[in-house]
Amino acid sequence: HNIWGGKWISKLKKIKSLNGKLVGESWEFSSKKSQPSIVTDVAGHSISLHELIKRYKKKIFQKNIISNKNEAPFLLKFIDSNDHLSIQVHPNNQYAYSNEHQPGKAESWIILDSKNGKDSGFIYLGLKKQTKNGLGGDCRGHD
């Protein structure tokens with residue numbers, strides 16, 4: 001839960017939020033050791049995605065994308081933002097490997113729905129100074 005979350009994820013997944021709090025994120029595919037997705041095979045046996053990758057990473061991934069942390073090179077999550085989100089700045093691979101001992105973080109977004117109607121969802125990519133955005137700030141998205 002978080003302050004900018006909404007009710008869409010709870011409704012989509014048919015779950016009750018804790019104490020009626022707004023839900024902002026739902027991790028759908030995570031191999032993070034601290035919050036892994038659970039995979040169940042046809043026989044009903046369950047294993048964390050982290051453990052599955054640890055055991056079978058050479059069969060699952062190409063050699064050049066295997067990390068030492070036994071994690072998939074991506075995280076898939078739903079975000080329900082009922083308000084504007086903060087600016088996100090992520091390191092490139094060179095900086096991240098040197099300082100955090102892991103790959104950098106690229107992002108890809110797909111807007112599924114917007115409360116303001118068709119074509120009203122947006123994401124700023126890069127900013128220009130002194131450009132009014134209609135939200136009270138000075139920023140503008142680049143193509």
Side-chain angles (χ1 to χ4, degrees), residues 1-97 99-128 131-143:
H1 69 85
N2 49 39
I3 59 172
W4 49 260
K7 298 178 180 177
W8 180 78
I9 292 173
S10 298
K11 190 175 180 179
L12 173 75
K13 298 181 83 170
K14 297 179 175 116
I15 56 174
K16 290 184 180 183
S17 62
L18 297 174
N19 301 322
K21 293 184 179 184
L22 300 174
V23 177
E25 287 190 13
S26 173
W27 289 18
E28 302 301 312
F29 183 95
S30 169
S31 60
K32 302 285 182 195
K33 189 174 185 179
S34 62
Q35 294 177 299
S37 295
I38 304 300
V39 179
T40 305
D41 66 18
V42 293
H45 302 104
S46 296
I47 185 173
S48 75
L49 190 54
H50 179 82
E51 186 62 30
L52 181 77
I53 291 171
K54 183 178 177 181
R55 290 184 193 176
Y56 303 107
K57 65 183 169 187
K58 290 181 181 177
K59 291 182 179 182
I60 297 172
F61 297 116
Q62 294 178 2
K63 184 178 180 182
N64 62 337
I65 61 172
I66 297 172
S67 80
N68 293 332
K69 296 183 181 282
N70 299 312
E71 294 178 0
F74 63 92
L75 166 68
L76 175 65
K77 58 183 166 180
F78 287 132
I79 294 179
D80 182 3
S81 60
N82 231 6
D83 201 352
H84 300 290
L85 300 175
S86 61
I87 293 174
Q88 302 291 307
V89 179
H90 301 297
N92 62 21
N93 282 339
Q94 182 181 359
Y95 178 89
Y97 278 122
N99 296 281
E100 300 170 8
H101 310 292
Q102 61 185 3
K105 185 176 177 184
E107 292 196 10
S108 177
W109 292 73
I110 299 172
I111 299 174
L112 299 175
D113 192 12
S114 175
K115 67 180 178 181
N116 296 322
K118 185 178 179 193
D119 299 328
S120 65
F122 60 91
I123 297 169
Y124 289 108
L125 176 62
L127 304 175
K128 284 185 177 179
T131 303
K132 297 290 183 190
N133 67 4
L135 302 172
D138 293 331
C139 60
R140 179 170 172 233
H142 287 272
D143 291 315

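This is a predicted model, so every value here is computed, not measured. Side chains are part of it too, since the values below use all heavy atoms of this structure and drop only hydrogens, waters and symmetry mates.
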Determine which pairs satisfy salt bridge (Lys or Arg N to Asp or Glu O under 4.0 Å) with at least one residue from residues 42-54, sequence neighbours left out, and list them in order. Glu51-Arg55
Heavy-atom check, side chain of Ile15 versus side chain of Val23, under 4.5 Å: no
Residues in side chain to side chain contact (heavy atoms under 4.5 Å, CB included) with Ile110, at least two apart? Leu112
Within residues 21-31 or reaching into it, pairs that qualify as salt bridge (Lys or Arg N to Asp or Glu O under 4.0 Å) - sequence neighbours excluded: Lys13-Glu28, Glu25-Lys77
Can you pull the ring-ring contact (aromatic ring centres under 6.0 Å, His included) pairs that have at least one residue in residues 30-53, sequence neighbours excluded? none
Output for pair (Leu49 CG, Ile38 CD1), nearest 0.5 Å, gives 8.5 Å
If you look only at pairs with a residue in residues 31-49, which of them pass as a salt bridge (Lys or Arg N to Asp or Glu O under 4.0 Å), with sequence neighbours excluded? Lys32-Glu71
More than 12 heavy atoms of other residues, nucleotides or ligands under 6.0 Å from CZ of Phe29: yes or no? yes
Rounded to the nearest 0.5 Å, what separates atom CD1 in Ile47 from atom OG1 in Thr40? 10.5 Å
Does any donor atom in the side chain of Ser30 or Ser37 lie under 3.5 Å from an acceptor atom in the other side chain? no
Can you check whether Ile79 reaches Trp109 side chain to side chain, under 4.5 Å on heavy atoms? yes
Kindly compute the distance separating OG (Ser81) from CG (Leu22), expressed to the nearest 0.5 Å. 11.5 Å
Glu100 side chain near Pro91 side chain, heavy-atom distance below 4.5 Å: yes
If only atom types and distance count, is the side chain of Ser31 paired as donor or acceptor with the main-chain N or O of Ala72 below 3.5 Å? yes
Of all residues at least two apart in sequence or in a different chain, which pass the side chain to side chain contact (heavy atoms under 4.5 Å, CB included) check with Tyr97? Asn93, Pro103
I'd like to know whether the aromatic ring centres of Phe78 and Trp8 sit less than 6.0 Å apart in this structure. yes
Hey, could you give me the CG/NZ distance between Asp80 and Lys7, rounded to the nearest 0.5 Å? 10.5 Å
